[in-house]
2 protein chains.
Amino acid sequence: MNLRDLRYFVTLADTGHFGKAAERCFVSQPTLSAQIKKLENYLGVQLIERQPRRVALTEMGTKILPLARRMLQESDEIVALARNEHDPLSGKLKVALIPTIGPYLLPLLMRKLRRKLPRLKLMLYEYQTQPLLDKLRAGDIELGILALPVPLDGLEARALYREPFTVAVPNNSDLAKKANVKVEDLSGETLLLLEDGHCLRDQALDVCGRIEARESEDYRATSLETLRQMVAAGLGVTLLPELATRGPFGSGQGLTVKQFARPVPARTVGAVWRKSSARTEAINAISAVIETTMKEIKK
Amino acid sequence: MNLRDLRYFVTLADTGHFGKAAERCFVSQPTLSAQIKKLENYLGVQLIERQPRRVALTEMGTKILPLARRMLQESDEIVALARNEHDPLSGKLKVALIPTIGPYLLPLLMRKLRRKLPRLKLMLYEYQTQPLLDKLRAGDIELGILALPVPLDGLEARALYREPFTVAVPNNSDLAKKANVKVEDLSGETLLLLEDGHCLRDQALDVCGRIEARESEDYRATSLETLRQMVAAGLGVTLLPELATRGPFGSGQGLTVKQFARPVPARTVGAVWRKSSARTEAINAISAVIETTMKEIKK
DNA sequence: ATGCAACCATAGCCGATATCTATGGCTTAT
DNA sequence: ATAAGCCATAGATATCGGCTATGGTTGCAT
């Protein structure tokens, strides 16, 4: 069966006239005639009674007409649905961020995202790097924002901004008094870290790998905020990504945040998505928004 | 848009695999691949994300899938509807009979019709000849049973049986005593007739045209039954079609029905339908039932 | 009654397109 | 590293929808 034939049939039923129906369908009369006959043949029933002066529906035609109408209407619905959301910058988009980025980056982004991509409905999730990548590959989410590099198989990545690390020390620490802190200054300090699974933990270990800072054996924080509490309580020092030290998250309450001296250790934050993703346009648009937002902040 | 493409799409969504979907659709994989791409192109949206190991629906594909499913289901419904009632001897059929035939013929027919054409749902109507022909031409009914001949333009007719006329006289009439009645015997009698519009009226006038029977000026009956009452009341004589004198409708209650002597005047009862009718098979079947029924009765 | 106009069906041809096989490119698994 | 799985591409072919021209009825008007 063919939707075109159904359209011919419905038009013929409406006009009661092969010639007029053909005209309305923008085909010749013999074409419509032949297709109607083909449809009747396929269904094995006569739909139309060809009376001399007009055509009339048979009982079967009367029964089938509303069904045909509904099908055509639904096909129009599909087209309308597709055409309406033709815009690649609309619809839902599932985005996940790692916990050490999400809470600090999103507040900076949301206003601009809403302005630049008003039709994009972002569904936001928070996962650690590995689960995020798994869900990305599984198609559960479309875009991940995390620290690069990560193993990319079937995935594509784009660096968005460089995020310096800072060091958070108790107010009463000697380090709190220095103008800036060199990585080596951390030698001998007790290093507080997040629990396993957080990439920040690995990054911090990486930064401090060459020196002799000791990781605290007893405590592993589950979030940057608990980590911050632990530093303020004087249990040790820790590295914080710069965004987690801005605004309300800065120094204070027993804790001092210090810049690193050059070369400033940093991590690269980027976007990751499936190579095969159908939403690359939206992904690029979001990436661009993040990039420009971060550039503006740096100034 | 094409139903075939929707079927490909739905199957692909079900299998998650171009090759398997193609196999299930009995086409080659490139064919299905191309058609899916064509559909996406037509809709202007990507429906399928081609991941390395499996294919996944995009958000749009997820939205469209149920609509596509429903359309296919409805197309199947249409086919099923047509195929089920493929049988030309099923469905509704609107049949009209003239008043001087219907009440007397139908009781003889119904049992056999129900047995021979069990799936045919007869909608029965009663109209006088002219309205019947009008409604036939208008497509309001499919078949008419009436007295032939009638003007046939665009209509087709088939004679079914010959129906002799009888003469109904009051019990106390001289005619009631004769073995049989010649047409000429009616000379001088008062002839009671149906009102205008009934073909039986014209037929009776035709039969009695050559002789000098006088039509009653005062009374015109609206039905055979009132006509019968009038004869029994001694107001005159009338012609009755033979079927209207059978069984419970025979002599009695002050009225005697006499056969005519040869040549017995008679009318031809036939079926009439539109030449273009889509139900000729059913019409032929009904006609055949009437014919054989009447032959059996004659014996 | 005869010719004409309206209308659907048929015939024959053509171009679009759905389909096939063969093959290429990419990814993943062994 | 090699092979296997899988979708896309390329090119050939067949099917089918489309057109024009024409035929056959029917109904209408002169």
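Because only heavy atoms are used, hydrogens play no part in the values below, and waters and symmetry mates are left out as well, while side chains stay in. The chains referred to below are lettered A, B, ... by the order of the sequence lines, with proteins before strands, and numbering in each begins at 1.
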Please identify which of these residues, B:Lys92, B:Lys94, B:Lys121, B:Arg279, meets the salt bridge (charged side-chain N to carboxylate O under 4.0 Å, His left out) condition with A:Glu59. B:Arg279
Taking protein heavy atoms under 4.0 Å as touching, what does nucleotides 25-30 of chain C look like 5' to 3' if B marks base contact, S marks sugar-phosphate-only contact and - marks none? --SS--
Output the residues of residues 25-39 of chain B in contact with DNA chain C, where contact means a heavy atom of the residue under 4.0 Å from an atom of the strand; sort by number or write none. B:Phe26, B:Val27, B:Ser28, B:Pro30, B:Thr31, B:Gln35, B:Lys38
Check the phosphate of C:dT19 against B:Tyr8, side-chain N and O only, distance under 4.0 Å to OP1 or OP2. Yes or no? yes
How close or far is atom P of C:dA9 from atom NE2 of A:His17, stated in whole angstroms? 12 Å
Should we say atom NZ of B:Lys38 is surrounded by more than 12 heavy atoms from elsewhere, each under 6.0 Å from it? yes
Taking it one step at a time, do B:Arg7 and B:Asp76 satisfy salt bridge (Lys or Arg N to Asp or Glu O under 4.0 Å)? CA-CA 11 Å; B:Arg7 185 157 280 131; B:Asp76 290 344; 3.6 Å; yes
Rounded to the nearest 0.5 Å, what separation is found between the CD1 atom of A:Ile141 and the CG atom of A:Leu136? 5.0 Å
From CD of B:Glu23 over to P of C:dT21, roughly how many Å is that when rounded to an integer? 13 Å
CZ of A:Arg50 versus C1' of C:dA9: gap in Å, rounded? 9 Å
Is it the case that the side chains of A:Thr58 and A:Glu49 hold a donor-acceptor pair, with the cut-off being a distance below 3.5 Å and no angle test? no
Roughly, in whole Å, what's the span from CG in A:Leu3 to P in D:dG17? 13 Å
For A:Glu49 and D:dT25, give me the distance from atom CD to atom P, rounded to whole Å. 18 Å
Rounded to whole angstroms, how far apart are CZ on A:Arg4 and P on C:dA18? 9 Å
Distance check needed: C:dA18 P versus B:Asn2 CG, whole Å only. 7 Å
Honestly, is B:Lys135 close enough over B:Tyr127, meaning NZ or CZ under 6.0 Å from the six-membered ring centre and within 45° of the axis? yes
Heavy-atom nearest nucleotide on DNA chain D taken for B:Leu12 and for A:Asp5; more 5' hit belongs to B:Leu12
Please name all residues satisfying side-chain contact (heavy atoms from CB on, under 4.5 Å) with A:Ser28, sequence neighbours left out, ordered by chain then number. A:Pro30, A:Thr31
Output the rounded distance in Å from CG (B:Asn41) to P (D:dT9). 12 Å
Looking at CG of A:Leu132 and CZ of A:Arg137, how far apart are the two atoms once the value is rounded to the nearest 0.5 Å? 10.0 Å
Does atom CD (A:Glu23) have a neighbourhood of more than 12 heavy atoms from anything else shown, all under 6.0 Å? no
